[in-house]
Amino acid sequence: MKRLADYLDNKIYYMLLFTVAVIPLHQEFTAFCVGVTFVAAALVAYYRGRQQPCVLKQWQQVLLYLLLAIGVVSLYFSKNKFISFWNYVYVAGQYSALFFVLLRYGWQRPQVFGGASCTDAGKEASASTLNADAASASDLSLTGGLQGLWQRFTALPRPLQLMGAFLAVSALVSLIGIAQKTLGVAGEGIWSDPDQFPDLKVRVYSTLVNPNILAGYLVLVISYCTAFFNQTKGYKRWRAAFALGGALAALCLLYTYSRGNWLACAAMLLTFCVLFCRKAFLPVLAGGTVALAVGGRAVLQRLSSITSGEDTSAALRVAYFESTTSVIEDFPLGVGWYGYRFVYPDYNFYLEDTSVIMYHCHNIFLNVCSELGYHGLLVFLLVWWGVFLPAAWALAHHGRSLWLKAMGRGYVLATVGIAVGGLTDHVYFNTQMGLLFWLMGGLTMLCSKLNNYET
């Protein structure tokens, strides 16, 4: 078994890279990939132990373990403990497994030139190596054949490789969505009211479950494409690649007709202009004008419905929020992980139909609070805004290379998109989106570790 562990140790990172690439493509296959990769990593950890310093500080680890423990304890309060338990094992198990593998294999210790020892000269060499990695990322040629491209790709820092896999696959997801719009492919569900939106015939969903989940995913993509586009001013080919990826994602986002995520994307781009690039205001406004022109009457109808008060979808969301507020008042300790669906029939004041199943309340903050209690929401926000976001903010302003700054800025922008979009929809209830949430947080911590690395 030790020989097998030694063999797997050299393969696990590529298993992780493949897993990251398939997350938005297929939920069940992703679960299989996460499981296999975790089992391999656990086997290696058992036989070889820890081979690197911890990425997270002890208090950060305590917060994560506390959040997991709150999820376990919350199962006691669920009205269907059996289903809640197995959902917790399946979903939280995947999140934990991916995070575990990511922190162990998502980065490699910077190598000191010439085998220098841990002296000041060695520290300078490590910093030089890190900057050389950044230069390699910037100078990567788009020519030279697949073998040469792969060699250059594998020479990049691992967090950058993982982000590259995420963004490369996003182009495929966007193209599939655009093709659905072009071909007139409709989803299995009814995603809009034809009486209120007569010009809206198709809402694309690509490889994800529904248009709103796809839209939440695309907001993530646009966040990171925007950040990397901003940080590659001197590298025309890469800038063009990020511009193309962002444009495809924006066009696909337009065709989801997801109003909440349109607003989330607008808030994210406004944040980018205010915090990182004020001269981008005019280009962003121009892009919005182009989107309105491309979308036509269907987009205008969707936007005007936000304040019209006649949209049944908006009315339902308000009803969900009122119901959830009542749930939180009656169950301050929560109704248990995945327990919202079991109590909702008793609080369905809008339709008054106990047969209606509602898996979440369309608000990420209210949903976490209703299921895990006030204490669960507090710990969740401490992990998100107290661990991941400060690390991203430091990278955004003090990253030692362009790509590290881009990773930090991308996460800051993504956080804005998640928070604003999360006010009207909880797309991270979806397991694929949840995996991406923890993936981006983990990548941010890996980059912070690299940025602050000391030999």
Could you tell me whether the side chain of [Y] reaches within less than 4.5 Å of the side chain of [X], counting heavy atoms only?
X    : Y    : result
F331 : F77  : no
Y217 : T207 : no
Y105 : V44  : yes

State whether [Y] and [X] meet the cation-pi test: NZ (Lys) or CZ (Arg) under 6.0 Å from the six-membered ring centroid, and within 45° of the perpendicular axis.
X    : Y    : answer
R341 : Y359 : no
K79  : F342 : no
R158 : Y13  : yes

Flag yes if more than 12 heavy atoms outside [X] fall under 6.0 Å of its [atom1] atom; otherwise flag no.
X   : atom1 : answer
Y76 : OH    : no
Y90 : OH    : yes
E28 : CD    : yes
K81 : NZ    : yes

Nearest 0.5 Å, please: how far is [atom2] in [Y] from [atom1] in [X]?
X    : Y    : atom1 : atom2 : result
L436 : L98  : CG    : CG    : 9.0 Å
L183 : I178 : CG    : CD1   : 12.0 Å
D425 : N430 : CG    : CG    : 10.5 Å
H426 : Y340 : NE2   : OH    : 11.0 Å
N367 : C361 : CG    : SG    : 4.5 Å
C225 : L413 : SG    : CG    : 11.5 Å

(message) For Y338 and Y88: C-alpha separation, side-chain torsions, deciding distance, then whether ring pair (Phe, Tyr, Trp, His ring centres under 6.0 Å) applies.
(response) CA-CA 8 Å; Y338 200 63; Y88 185 81; over 10 Å; no
For the residue pair [X] and [Y], categorise the inter-ring angle as parallel (less than 30°), tilted (30 to 60°) or perpendicular (more than 60°).
X    : Y    : result
H362 : H360 : tilted
Y428 : F437 : perpendicular
Y257 : Y255 : tilted
W438 : F99  : perpendicular
W384 : F365 : parallel

(request) May I ask you to say whether R104 pairs ionically with D9, meaning some side-chain N is under 4.0 Å from a carboxylate O? (result)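 Judged by the 4.0 Å cut-off on N to carboxylate O distance, R104 and D9 do not form a salt bridge.
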(message) Quick one about Y205 and N212 (side-chain donor to acceptor, distance below 3.5 Å, no hydrogens or angles considered), yes or no?
(response)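 There is no such pair (donor and acceptor under 3.5 Å, judged by atom type) between the side chains of N212 and Y205.
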(request) Show your reasoning for whether side chain to side chain contact (heavy atoms under 4.5 Å, CB included) applies to Y344 and V327. (result) CA-CA 8 Å; Y344 178 75; V327 171; over 6 Å; no
